[in-house]
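Just so we're on the same page: letters track the sequence lines, and every chain starts at 1.
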Amino acid sequence: MPAAAEFASVAPGSDYDTVRRVLAYITENWRAQPTIETIAGAAGATPTDIHHLFRRWCGLTPKAFLQAITLYHAKNLLGASASVLDTALEVGLSGPGRLHDLFVTHEAMSPGEWKAGGGGLSLSYGFHPSPFGEALIVTTPRGLAGLGWVSDGLDGGKVVGGRAEALADMMRRWPHAQYRFDPQATAPYAARIFDPKAWSAETPLRVVLIGTDFEVRVWQTLLKIPVGRATTYGDVACHIGKPSASRAVGMAVGKNPISFVVPCHRVIGKSGALTGYHWGLTRKRAILGWEAGQTAG
DNA sequence: TATTATCGCGGAT
DNA sequence: ATCCGCGATAATA
């Protein structure tokens, strides 16, 4: 707890704050095969603290968590059979859009519709705590349009961060929209999204996909990847009928505006390498590790 | 035209 | 085993 106060920029003392430092240390020093004592020391905590933290945060012991973010485990996420996307469909869940465990119903808003009729469209935004740091949530009257993260310091040695930058990043996606700070409008979304106990099929989460036709098709495909599984850029490309477009898929995945809800973190390279994440690879690891804990129980 | 959060192939460590 | 460099490839600004 005392060490966390030094990182007062965001959610001081939060679980993710420490998790982030553990992950950052491991990614930079994995070659040295650091012991749990060394890792704990670098994160400013005792091994016992670390143990309790991971049990509380994701339900896994530190050892299990570390194993969950290795390349070997990432390959397992991909699944032995043909494609995770196909097996998801075989399970026989009824409608499109409720395959995600968050029970999302989605509608698409094409750029044309967005530019032509978008004059009156206004977006509400707010900042809310989450298991992965402070989240920026953007909504329309029709549903969730954006979810991003406020960077909280270092990622891969690069200094980034702040609410202003998080908001600017989101506004860059739809520069012509009207933005209104309205935490009361966005708070219910935060409560729903980050509490697995609140995930329910009866009241699906409404999301609005704003992008090109190609991007929307990719994002819709991502919604079919179950919690605790992963797929590859090439698999997504096959799924939308363009087997050779894996690179273009990577670009579209990277532009996903609704982090976590549209699970772009569950797309990894064919080798099992995590390859990239708009909000930092450290966060991608953290989310995948957290999800491993959710499915383990 | 020049960018990619890709992929698979050789050839060199 | 692992890692680079390369070309093919599809969608954007």
- May I have the distance from Glu215(A) (atom CD) to dA11(C) (atom C1'), rounded to whole angstrom? 9 Å

- Between Thr61(A) and His51(A), do the side chains contain an N or O donor and an N or O acceptor separated by less than 3.5 Å? no

- Task: Round to a whole Å and report the spacing from CH2 of Trp279(A) to C1' of dA5(B).
- Result: 12 Å

- Query: To the nearest angstrom, how far is Met251(A) atom CE from dT9(C) atom C1'?
  - Reply: 13 Å

- Rounded interatomic separation in angstrom, taking NZ from Lys242(A) and P from dT9(C): 14 Å

- Item | d(CH2, Trp30(A); P, dT2(C)) in whole Å | 9 Å

- Query: Would Phe103(A) and Trp199(A) count as a close aromatic pair, with their ring centres under 6.0 Å?
  - Reply: no

- Task: Output the single nucleotide from dA5(B), dC7(B), dA10(C) whose closest atom is nearest the side chain of His278(A).
- Result: dA5(B)

- Would you kindly give the CZ-to-C1' distance between Arg247(A) and dC6(C), to the nearest whole Å? 11 Å

- Task: Return the nearest nucleotide to the side chain of Ser246(A); candidates are dA10(C), dT12(C), dC7(B).
- Result: dC7(B)

- Message: By the 4.0 Å heavy-atom rule, please label Thr212(A) as base, sugar-phosphate, or nothing.
- Response: sugar-phosphate

- Query: Crowded around Arg55(A) CZ? As in, over 12 foreign heavy atoms under 6.0 Å?
  - Reply: no

- Ala248(A) near the nucleic acid: base, sugar-phosphate alone, or nothing, with a heavy-atom cut-off under 4.0 Å? base

- Message: Taking the side chain as everything from C-beta on, heavy atoms only, tell me whether Lys284(A) gets closer than 4.5 Å to Thr275(A).
- Response: yes

- Note on the structure: Assert: residue with more 5' nearest nucleotide on DNA chain B, out of Lys270(A) and Leu274(A), is Leu274(A)

- Pairing nucleotide - dC9(B), Watson-Crick or G-U, each distance under 3.5 Å: dG5(C)

- Task: Find the distance Arg217(A):CZ to dA11(C):P and express it as a whole number of Å.
- Result: 8 Å

- Task: Just name whichever nucleotide pairs with dA10(C), Watson-Crick or G-U, keeping both distances under 3.5 Å, else none.
- Result: dT4(B)

- Do Asp49(A) and Thr46(A) have side-chain atoms, one donor and one acceptor, less than 3.5 Å apart? yes

- Within this structure, what is the CZ-to-C1' distance between Phe214(A) and dA13(C), rounded to whole angstrom? 16 Å

